[in-house]
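Here's the structure we're looking at; comments come further down.
The chains referred to below are lettered A, B, ... by the order of the sequence lines, with proteins before strands, and numbering in each begins at 1. All figures in this text were calculated on a predicted structure; none of them were measured in a lab.
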Amino acid sequence: MTVISATDAVKEYHSGDRLLRALKGVSLSIDPGEFVAIVGPSGSGKSTLLNLLGLLDDPTEGQVTVDGTAVSGLSTRERTEVRRDTVGFVFQDFYLLPTLTARENVAVPGMISDRTELLERADRLLKRVGLGDRLTHSPSELSGGQKQRVAIARSMVNEPDILLTDEPTGNLDQETGAQVLDVFREFTAEDVAVVTVTHDKQVESVADRTIELVDGKLDPDHR
Amino acid sequence: MRLDRFPVTALAWRNLSRAKSRSALATLGILIGVVAIISLGMFGTTLQAFFIQDAERFLQTAQVSPGEDSESPVLDEDDIAEIGALVDAQVYPVESSASVIKSSRETTRATVTATERPRAFVTAATGQIPKNWRSGALVGQRLASQLEVSVGDALRVGDRTVRVVAVLESTPRGGFVQADDGVFLPPSQLDARGASRVLLRTDSPEAAFRAAETIRQELNTDRQERVNVFDAEASIQRFQSQISTIQTFLLGIGAVSLLVAAVSILNVMLMSAIERREEVGVLRAVGYHRRDILQLMLSEAALLGVVGAIAGAILSVGLGAIINQLLLGDPMAFSDSVLWNIALGMGFGVAAALLSGLYPAWKAANARPVEALRD
């Protein structure tokens, strides 16, 4: 069983009049509950791969499949819906809305889909990530690690099958980074897959599997 | 406002409160535009009511005098009876002539007007206009002070002596009867063979115009002008063109300020769309459709418009009440059309805000989430 897979995915960008090949045919599949780390030097195509898996971008060639459905045939609207139901995102810069409290930030993705007991759901998730006493704090009153845990709670509010995270510990010190990784581990225990792009050795050490991208291709020694 | 009940409105409201002074200034623009548009109708109507109130008696009057082809310089009793039979109006024969007036101290020349029921045209400032007026003179205010006479003094008009029974309040300029510089006597005191003119008093300006028209048609022919008829229609037209000038001016202010407000909202929304690129990218990433983003941004523009429109409407009604008090003596003297004016002004305000929010909202909604998130 596979949550998300990519088959021979190629991504090309036009940069001025030059054609950049960011991904040169990448195939991989992610199983439920797996913790996968994607590593590699900058410019190797890590973030591009993450964007393809998160349905934020389309492959130029090849195929991305979510729960057995090929994504390339879907409209923007359908793709947005698949993304909302299947994928959660956690970013290096957290991107919390500064005008909202912690619980409201967590509720944001649910506001346009399922609003039943939304704030209660948000509160439960915040308690799970250890922020039960920060429900009504605004982001400016939270530390970096707390903000990232709010962001993780937000990514979980629509009960996705997979979390995609881009350098989730990049702005955190080692101890707070470890707390964030513990939270991810808790979710993988419930069969939520976590795919993270990282430079952080600490992340690699807790991952089930590490994939290395070099110059737009998977490194065969590191699968 | 609970986010889980009215998510879009609540999010929009919080976003606006982030840049308070910017939002406030954009709202102020809408407010000024809305006030100008509402005032356009409201103050126009109030001014009209004010002028009509002031000129009511004047507008309800028509004047008939002997025409170019008349055999006599005056209208005799038969003429007056004929006129009275033609129209449904109070008929006041008036005879005016110039005469030498002497008081104990001064001598001057002034107009002497003879009419039976002067109360229809003048009011006493001091003294009283007798109910059954057989003798005694009514003196205009300016003439009285020139002659240094007051109620009870004797006055010589031509070769007869009369007693002053009242000094008159001054009359509006341009009226049919000028009180300020003249003397009024009962007709019996003036040896006249008829009236130099007849004033017709009706219930409304329209009735006065109708009466004037009837007399023109019945007594004059294309070739023969027996009587000369004058009514206030020309004055009304002049007055209405003044009102429409004022209204055009207000409309100009309204249009310009709404335009400025629209540009300012466009600016606010564009800046906000650019500043919040990443936020919008995150919203798109967590499953917001382009339509949801469009709705969110348009709600912000609409909120600016609605707040400006409501504040503008309240301010306009307040200003209107003050002007009503000053001109008409009653703060609540709004006409029925004021509701329509308010609806129109608010409608234009909200529409201007929405229209200028359209482009920034479209721009934000169509940014690709990946590009929005790329640093």
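Of all heavy-atom pairs between B/P369 and A/L56, the closest is CB-CD2, 3.8 Å.
Only the side chain of A/N158 comes within contact range of chain B, with heavy atoms under 4.5 Å apart. Heavy atoms of A/R77 lying under 4.5 Å from chain B belong to its backbone as well as its side chain. Residue A/R79: no heavy atom, backbone or side chain, is found under 4.5 Å from chain B.
Contact count against chain B (heavy-atom pairs under 4.5 Å) is highest for A/P98 among A/P160, A/G88, A/P98, A/G54.
When side chains are defined from C-beta on, A/T76 counts as touching B/R284, because their heavy atoms get closer than 4.5 Å. Contact of the A/D93 side chain with the B/E278 side chain is not registered, since no non-hydrogen atoms from C-beta on lie closer than 4.5 Å. Using a 4.5 Å heavy-atom cutoff, the side chains of B/R14 and A/L97 are not in contact. Looking at A/L96 and B/V282, their side chains never come closer than 4.5 Å, going by heavy atoms from C-beta outward.
Residue B/F348 places its CZ atom among 12 or fewer non-hydrogen atoms of other residues, nucleotides or ligands, all under 6.0 Å distant. Other residues, nucleotides and ligands contribute more than 12 heavy atoms inside 6.0 Å of the CG atom of A/D173. By the neighbour-count criterion of 12 heavy atoms within 6.0 Å, atom CD of B/Q325 is densely surrounded, having more than that number from other residues, nucleotides or ligands.
Between the CG atom of A/N51 and the CZ atom of B/R368 there is a distance of 9.5 Å, given to the nearest 0.5 Å.
Residues of residues 289-314 of chain B having a heavy atom under 4.5 Å from any heavy atom of chain A, listed by number: B/H289, B/R290, B/R291, B/D292.
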